[in-house]
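We name chains A, B, ... by the order of the sequence lines, and we start the count at 1 in each one. In what follows, every heavy atom counts, from backbone to side chain, and hydrogens, waters and symmetry copies are set aside.
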Amino acid sequence: MPELPEVETIRRGLQELIVGKIIKTVSSDTAATSSDMVKSFPNTPADVEQFIKKAKITDVRRRAKVLLIDLSTNYSLVIHLKMTGQLVFVGSGNRFGAGHPNDSLIGLLPDKSTRVVFDFTDDSHLYFNDQRKFGWVRLIPTAEVPDIDFMKKVGPEPLEADFTASGFAERFKRRSRTSIKAALLDQTVIAGVGNIYADESLWGAKIHPSTVVGDLSYSKFKLLYSEVRFVMNLSIDKGGSTNRNYVNAEGKKGSYMDFARVFRREGLPCPRCGTEIIKIRVAGRGTHICPNCQRGSR
DNA sequence: CACTTGACCTGTCCGC
DNA sequence: TGCGGACAGGTCAAGT
């Protein structure tokens, strides 16, 4: 589901909503089977008892598309939402005031997609929902988080101030014979780009997604670098993209799709030249392009 | 090693 | 209205 802007939007929400709260229990009282639960959240009851129960939330961080919820026990909840994962906070009673979208969720969660429930001591709750069950939650000592495979392999954060265009171009040398779209989606090259922002940034840089990485000029890499940062910053500003399932920590949708130039806009005119946007398949993924603007030139 | 493909799941949409 | 197949915001483990 979420790419960097969506995970960052959730992180900012959770930062405001749950830091300082104390976890009372971790559970599920839903239709999820026990094997589903084990897959989503494999830590043992003893781990939960020792390192989660009574723990205070000290911080909420993000690395690539992974959320890190730090606990006062020096353990962290490491969470990947994959395609359809959600982390939704619901206050106790009328916490947000009548009519607030979050309060409309009271009584609606947990539902059949709820995999893990965190109950706080003030009777508020955090729900991990995941329709397709690809996502996961792991409890890991905070100091060991950088040692897990994903963290060791993942590439640099594209929005960091010290991340430069030349650094960006450099990262692609390891994937010089594949398509630029496959390379952009490769989390070991650059962190956080997924299918939406790959298509959006390639349109912005006027690069055909099938273009072989090694055929791209440095000036094209500079353009692509700028476009990746532009679309991700814009999306964070708009609260992310809700294509289907995505909601933020308060259960609200993001509005980037209202600003998308090509993603899921097949049949509509290219906002730059008016040519009809088409949908093709690149790197095994549905891919949206303007066939006029993105001709695969260097 | 670099690269591609299929698998993991459930739900929805589209054509017959 | 039903049914089969394709497809969906992501990563892995296999294969070549």
Side-chain angles (χ1 to χ4, degrees), chain A residues 1-10 30-33 35-42 62-67 78-87 111-115 128-138 148-155 171-202 209-214 228 231-232 235-236 238-248 253-260 262-267 279-288:
Chain A
M1 141 192 164
E3 306 178 31
L4 187 155
E6 289 74 35
V7 179
E8 176 61 18
T9 301
I10 293 168
T30 72
T33 67
S35 63
D36 288 339
M37 291 298 296
V38 167
K39 220 184 107 197
S40 298
F41 184 61
R62 178 189 60 74
R63 176 74 172 98
K65 301 173 189 172
V66 171
L67 272 167
V78 183
I79 303 171
H80 203 306
L81 302 171
K82 292 287 182 83
M83 299 281 262
T84 55
Q86 304 176 328
L87 274 176
D111 65 19
K112 66 189 269 193
S113 75
T114 301
R115 314 240 83 81
F128 172 65
N129 306 323
D130 187 13
Q131 185 178 93
R132 291 176 74 179
K133 304 180 185 175
F134 293 166
W136 45 259
V137 180
R138 302 279 183 277
I148 68 176
D149 275 356
F150 183 91
M151 293 297 178
K152 279 194 293 194
K153 290 192 212 153
V154 72
R171 295 293 301 174
F172 286 86
K173 289 189 174 166
R174 57 166 64 194
R175 302 298 307 271
S176 62
R177 300 182 68 81
T178 192
S179 67
I180 184 62
K181 172 140 182 181
L184 265 179
L185 294 174
D186 181 345
Q187 299 298 292
T188 71
V189 175
I190 303 295
V193 181
N195 208 33
I196 298 175
Y197 306 106
D199 284 5
E200 289 288 291
S201 59
L202 287 166
S210 299
T211 310
V212 173
V213 171
V228 166
V231 296
M232 286 195 167
S235 184
I236 291 170
K238 302 301 175 190
S241 297
T242 297
N243 184 8
R244 303 178 60 90
N245 297 280
Y246 166 74
V247 292
N248 70 13
K253 297 176 176 186
S255 67
Y256 177 85
M257 291 299 281
D258 296 341
F259 300 83
V262 287
F263 190 79
R264 298 258 310 187
R265 295 181 62 78
E266 59 269 34
K279 185 173 181 183
I280 59 176
R281 203 144 190 98
V282 180
R285 310 294 300 276
T287 299
H288 311 77

For C:dG10, does either OP1 or OP2 sit under 4.0 Å from a side-chain N or O belonging to A:Arg285?
-> yes
Atom NZ of A:Lys279 and atom C1' of C:dC7 are separated, to the nearest Å, by 7 Å
Using a heavy-atom cut-off of under 4.0 Å over every strand shown, decide if A:Asn243 touches base, sugar-phosphate, or nothing. base
**OP:** Taking atom P in both B:dT5 and C:dC7, compute the distance separating them and give it to the nearest angstrom.
**Re:** 14 Å
Between NZ of A:Lys173 and C1' of B:dC1 the distance, given in whole Å, is 18 Å
key: B:dA7 and C:dG5, which share atom name P, separated by this distance in whole Å   = 15 Å
- How are the rings of A:Phe150 and A:His80 set to each other: parallel, tilted or perpendicular (split at 30° and 60°)? perpendicular
Intra- and inter-strand pairing of DNA chain B, written as dot-bracket with Watson-Crick and G-U pairs under 3.5 Å and | for the latter, reads .|||||||.|||||||
Between A:Ile196 and A:Ser241, the two heavy atoms sitting closest are CD1-CB, 3.7 Å
Practice task
Would you indicate what A:Tyr197 reaches in the nucleic acid, counting non-hydrogen atoms under 4.0 angstrom: base, sugar-phosphate, or nothing?
Solution key: nothing
Open item on the list: If you compare every side-chain N and O of A:Thr84 against the phosphate oxygens of B:dT10 (OP1, OP2), does one of them come in below 4.0 Å?
Closed with: no
Side-chain contact check for A:His80: nearest option of C:dG10, C:dA8, B:dT4 is C:dG10
(message) Quick check: do A:Lys133 and A:Arg115 have side-chain heavy atoms less than 4.5 Å from each other?
(response) yes
Check: A:Leu202 and A:Thr287 side chains under 4.5 Å, non-hydrogen atoms: no
Looking only at side-chain N and O atoms, does A:Arg264 come under 4.0 Å of OP1 or OP2 in C:dC7?
no
Of the listed B:dC8, B:dT4, B:dG11, the closest approach to the A:Gln131 side chain comes from B:dG11
### Query
Under 4.5 Å between any side-chain heavy atoms of A:Thr178 and A:Val213, yes or no?
yes
Given the options A:Arg171, A:Arg175, A:Lys153, A:Asp186 meets side chain to side chain donor-acceptor pair (under 3.5 Å) only with A:Arg175
Taken to the nearest whole Å, CZ/A:Arg174 to P/B:dC3 is 10 Å
5'-most contact on DNA chain C (nearest-nucleotide basis), A:Phe134 vs A:Lys153, goes to A:Phe134
**Asked** Is the side chain of A:Lys65 donor-acceptor paired with the backbone N or O of A:Pro5 at a distance under 3.5 Å, no angle test?
**Response** no
Whole-Å distance, A:Asp111 CG to B:dT10 P, equals 14 Å
When you compare the side chains of A:Glu3 and A:Tyr246, does any donor N or O come within less than 3.5 Å of an acceptor on the partner? no
Separation of B:dC14 atom P from A:Glu266 atom CD, nearest Å, is 11 Å
A:Arg132 CZ to C:dA6 C1', in whole Å, measures 12 Å
Which part of the nucleic acid, if any, lies within reach of A:Ser176 when heavy atoms closer than 4.0 Å are counted: base, sugar-phosphate only, or nothing?
sugar-phosphate
Handout entry: N/O donor-acceptor pair under 3.5 Å between A:Thr84 side chain and A:Arg132 backbone
Key = yes
Separation of C:dC12 atom P from A:Lys133 atom NZ, nearest Å, is 20 Å
Within residues 182-194 of chain A, those residues having any heavy atom closer than 4.0 Å to DNA chain C are A:Gln187, A:Gly194
- [ ] May I ask you to say what A:Gly286 touches in the nucleic acid, namely base, sugar-phosphate or nothing, with a heavy-atom cut-off under 4.0 Å?
- [x] sugar-phosphate
Looking only at C:dC12, B:dG11, C:dA8, the nucleotide nearest the A:Phe150 side chain is C:dC12
Between CZ of A:Arg62 and P of C:dG10 the distance, given in whole Å, is 14 Å
- Query: Side-chain N or O of A:Lys112 less than 4.0 angstrom from OP1 or OP2 on B:dT10?
  - Reply: no
Q. Quick one: does A:Ile10's side chain get under 4.5 Å of A:Arg62's, heavy atoms only?
A. no
Query - Rounded distance in Å between the P positions of C:dA13 and B:dC9 - result: 15 Å
A:Ser201 vs A:Leu184 side-chain heavy atoms within contact, under 4.5 Å: yes
